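First up is the structure itself, then whatever we jot down about it.
Remember, it's a predicted structure, so these values are computed and weren't measured experimentally.
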Amino acid sequence: MPLHIETPLIQSRQLSQLSGRAIWLKMEALQPPGSFKIRGMGHACTEYVKRGARRFVSSSGGNAGLAVAYAGRAMGIPVTVVVPQTTSKRAQELLQLEDAEVIVHGASWQEANELALSLVGASDAFLHPFDDPLLWQGHATVIDEVARAGLKPDAVVLSVGGGGLLSGVAEGLHRNGWGQIPIIAVETEGAASFQAAANAGHAVQLDQINSVATSLGAKRVCEQAVKWSQEHTIHSVLVSDKSAVTACERFLADHRVLVEPACGASLALAYEKAPVLDAFDTVLVVVCGGATATMDQLRAWSAQLA
């Protein structure tokens with residue numbers, strides 16, 4: 001059995017009325033580890049065990065690391081996760097709750113990732129947060145489930161960090177014969193590595209990330225995301241941190257689910273009636289999740305951005 005669950009697909013009455021079109025939500029925030037990441041990580045971990053892996057090593061203190069830790073505990077495989085010093089205590093506690101060994105190292109993900117790679121032994125598997133074909137294959141199951149449910153949207157809205165979800169959704173659309181359905185790729189203004197890459201035609205390294213949506217904080221997207229931008233219709237859209245945080249607050253009130261600003265960025269398009277939606281009658285939003293978000297954080301961000 002897969003390690004992820006089949007998540008609810010619901011039409012949001014609030015967002016549909018507000019935006020003047022049918023807004024459907026794929027509720028990935030309800031996955032056991034809190035985000036869509038378990039789809040790809042679960043698939044990759046299962047495959048690596050088949051290849052003989054006896055330990056998983058990862059370098060994410062966020063949703064990807066939590067998904068690896070969850071998969072490892074479920075499969076009885078030890079997990080080591082290297083996180084940067086900026087990783088919140090809550091994230092570290094959640095990793096430890098899944099019985100992962102947590103190593104804090106470096107000021108950035110890049111430094112943590114370098115140490116993680118150096119720890120990988122002959123019988124270990126390294127789980128990259130977003131750049132692995134096995135992840136994209138797993139993430140594509142989001143679209144498989146939508147197709148099985150009988151809903152064919154006019155567009156799919158999702159948030160982009162490193163490009164793993166984007167690559168998976170594009171793969172899912174094509175393998176279900178939906179290659180003509182456009183993707184609306186949303187980033188916050190301080191973390192727009194995909195837009196930079198799409199404009200340049202190749203991956204671009206951002207100098208810095210300046211956004212509260214830390215899960216979108218990959219300075220460089222994977223090459224596969226750039227490839228899809230050249231082969232599939234993808235609309236790149238930016239929203240402000242304030243829009244993303246406000247959308248989280250409104251979504252909590254409307255649907256009783258707390259998500260992080262990286263997810264709020266996508267929801268903001270419907271809440272703010274973004275012009276990019278005007279051409280579409282039925283829109284699917286991937287509610288990607290965010291296990292480390294807290295009400296205290298949300299209040300603090302809201303006050304900071306007011």
Practice task
Please tell me if the side chains of Leu252 and Arg256 come closer than 4.5 Å, counting only heavy atoms from C-beta onward.
Solution key: no

Exercise for the section: State, without any angle test, whether Asp99 and Tyr70 hold a side-chain donor-acceptor pair at a distance under 3.5 Å. Expected result: no

Problem - Heavy-atom pair with the smallest gap, counting every atom of Thr188 and Ala265 - result: CG2-CB, 4.3 Å

Problem - side chain to side chain contact (heavy atoms under 4.5 Å, CB included) assessment of Cys263 paired with Cys288 - result: CA-CA 6 Å; Cys263 181; Cys288 50; 3.6 Å; yes

Practice task
State whether a side-chain donor-acceptor pair under 3.5 Å links Glu101 with Thr80.
Solution key: yes

Handout entry: Distance (rounded to the nearest 0.5 Å) between Ile181 CD1 and Ile183 CD1
Key = 9.5 Å

Let me check something: any side-chain donor-acceptor pairs from residues 273-286 under 3.5 Å, sequence neighbours excluded? List them with distances.
none

Problem - ILVMFWY cluster, Leu135 and Trp228 together (side-chain gap under 4.5 Å) - result: no

Practice task
Run the salt-bridge test on Glu145 and Arg39 with the 4.0 Å N-O cut-off and return the result as yes or no.
Solution key: yes

Practice task
Please examine the side chains of Glu111 and Asn113, heavy atoms only from C-beta on, and report whether any two atoms are closer than 4.5 Å.
Solution key: no

Handout entry: Residues, nucleotides or ligands: over 12 heavy atoms within 6.0 Å of Lys219 NZ
Key = yes

Handout entry: Nearest heavy-atom neighbours spanning Gln31 and Thr7
Key = NE2-CG2, 3.3 Å

Exercise for the section: Would you check if Leu298 and Asp296 make a side-chain contact, meaning some heavy-atom pair closer than 4.5 Å? Expected result: no

Practice task
Would you check if the side chain of Gln137 reaches a backbone N or O of Gly40 as a donor-acceptor pair within less than 3.5 Å?
Solution key: no

Exercise for the section: Considering non-hydrogen atoms only, spot the tightest contact between Pro182 and Asp154 and give its length. Expected result: CD-O, 3.2 Å

Exercise for the section: May I ask you to test the Tyr271-Asp254 pair for a side-chain heavy-atom distance under 4.5 Å? Expected result: yes

Practice task
Indicate the ring-plane relationship of Phe130 and Trp109, choosing parallel, tilted or perpendicular according to the 30° and 60° boundaries.
Solution key: tilted

Exercise for the section: Please check if atom CG in Asp144 has more than 12 non-hydrogen atoms from other residues, nucleotides or ligands closer than 6.0 Å. Expected result: yes

Exercise for the section: Examine Leu258 and Leu97 and state if one hydrophobic cluster contains both, with Ile, Leu, Val, Met, Phe, Trp and Tyr joined whenever side-chain heavy atoms are less than 4.5 Å apart. Expected result: no

Exercise for the section: Could you grab the distance from atom CG of Leu95 to atom CZ of Arg90, nearest 0.5 Å is fine? Expected result: 11.0 Å

Handout entry: OG on Ser302 to CE on Met295, rounded to 0.5 Å
Key = 9.5 Å

Exercise for the section: Grab the two heavy atoms, one from Val212 and one from Val245, that are nearest each other, plus how far apart they are. Expected result: CG2-CG2, 4.0 Å

Problem - Near-ring test His232/His174, centroid separation under 6.0 angstrom - result: yes

Completion exercise
For Ala149 and Leu9, the nearest pair of non-hydrogen atoms, with its separation, is CB-CD2, 3.8 Å

Practice task
Tell me yes or no: between the side chains of Arg21 and Ser16, is some donor less than 3.5 Å from an acceptor?
Solution key: no

Problem - Donor-acceptor contact present, side-chain Gln92 to main-chain Val102, <3.5 Å - result: no

Practice task
Could you give me the CA-CA distance, side-chain angles and deciding distance for Val239 and Glu189, then say whether side chain to side chain contact (heavy atoms under 4.5 Å, CB included) is met?
Solution key: CA-CA 6 Å; Val239 300; Glu189 291 162 354; over 6 Å; no

Practice task
Give a yes or no on whether Leu115 and Phe56 share a hydrophobic cluster (residues Ile, Leu, Val, Met, Phe, Trp, Tyr; joining criterion: side-chain heavy atoms under 4.5 Å apart).
Solution key: no

Exercise for the section: First locate atom CZ of Phe126, then atom OG of Ser58, and finally report the distance between them rounded to the nearest 0.5 Å. Expected result: 6.0 Å

Exercise for the section: For side chain to side chain contact (heavy atoms under 4.5 Å, CB included), just list the numbers for Leu25 and Leu15, CA-CA rounded to whole Å, side-chain angles, deciding distance to a tenth of an Å, and then say yes or no. Expected result: CA-CA 10 Å; Leu25 307 174; Leu15 284 169; 4.1 Å; yes

Practice task
State, with a plain yes or no, whether a side-chain heavy atom of His105 is found less than 4.5 Å away from one of Glu114.
Solution key: no

Exercise for the section: May I ask you to decide if the ring planes of Phe251 and His255 are parallel, tilted or perpendicular, using 30° and 60° as cut-offs? Expected result: tilted

Exercise for the section: Look at the side chain of Gln224 and the backbone N and O of Pro133, then say whether any donor-acceptor pair between them is shorter than 3.5 Å. Expected result: no

Practice task
Give, for atom OG of Ser60 and atom CG of Leu66, the distance between the pair rounded to the nearest 0.5 Å.
Solution key: 7.5 Å

Exercise for the section: Test side chain to side chain contact (heavy atoms under 4.5 Å, CB included) on Leu119 and Arg55 and set out the steps. Expected result: CA-CA 11 Å; Leu119 298 176; Arg55 180 177 71 142; 4.3 Å; yes

Practice task
Say whether Asn63 and Glu260, considering side chains only, have a donor N or O and an acceptor N or O under 3.5 Å apart.
Solution key: yes

Handout entry: Any donor-acceptor N/O pair, Ser88 side chain to Ala91 backbone, under 3.5 Å
Key = yes

Exercise for the section: Applying salt bridge (charged side-chain N to carboxylate O under 4.0 Å, His left out), run through Arg51 and Glu47 and close with a yes or a no. Expected result: CA-CA 6 Å; Arg51 299 177 190 178; Glu47 182 59 34; 3.2 Å; yes

Handout entry: Cationic N near anionic O, under 4.0 Å, Glu93 to Lys89
Key = no

Exercise for the section: Output yes when a side-chain donor or acceptor of Asp132 lies under 3.5 Å from a complementary backbone atom of Leu134, and no otherwise. Expected result: yes

Check: residues 156-173 side-chain donor-acceptor pairs under 3.5 Å, at least two apart:
| residue | atom | partner | partner atom | Å |
| --- | --- | --- | --- | --- |
| Ser159 | OG | Ala262 | O | 2.6 |
| Ser159 | OG | Ser266 | OG | 2.7 |
| Ser167 | OG | Gly163 | O | 2.8 |

Practice task
Before accepting this row, confirm whether a basic side-chain N of the pair Lys37/Glu28 lies closer than 4.0 Å to the acidic partner's carboxylate O.
Solution key: no

Problem - Under 3.5 Å: donor-acceptor pair, side chain of Glu187, backbone of Ser193 - result: yes

Exercise for the section: Determine whether Ile103 and Val57 fall in the same hydrophobic cluster, where Ile, Leu, Val, Met, Phe, Trp and Tyr are linked whenever their side-chain heavy atoms lie under 4.5 Å apart. Expected result: no

Practice task
Measure the shortest side-chain to side-chain distance between Leu238 and Gln195 over non-hydrogen atoms and say whether it is less than 4.5 angstrom.
Solution key: yes

Exercise for the section: Taking the side chain as every heavy atom from C-beta outward, state whether Glu98 and Val79 have any atom pair closer than 4.5 Å. Expected result: no

Problem - Smallest separation among heavy atoms of Ala203 and Val226, with atom names - result: N-CG2, 3.8 Å

Practice task
Evaluate whether atom CZ of Arg13 has more than 12 neighbouring non-hydrogen atoms of other residues, nucleotides or ligands under 6.0 angstrom away.
Solution key: no

Practice task
May I ask you to test the Val237-Leu269 pair for a side-chain heavy-atom distance under 4.5 Å?
Solution key: yes

Practice task
Tell me, yes or no, whether the heavy-atom count around Arg148 atom CZ, taken from other residues, nucleotides or ligands under 6.0 Å, exceeds 12.
Solution key: yes

Practice task
First locate atom OG of Ser59, then atom CG of Leu117, and finally report the distance between them rounded to the nearest 0.5 Å.
Solution key: 6.5 Å

Exercise for the section: Determine whether the side chains of Ser243 and Glu272 contain a donor N or O and an acceptor N or O closer than 3.5 Å. Expected result: yes

Problem - Hphob cluster co-occupancy, Tyr48 + Ile38, side-chain heavy atoms under 4.5 angstrom - result: yes

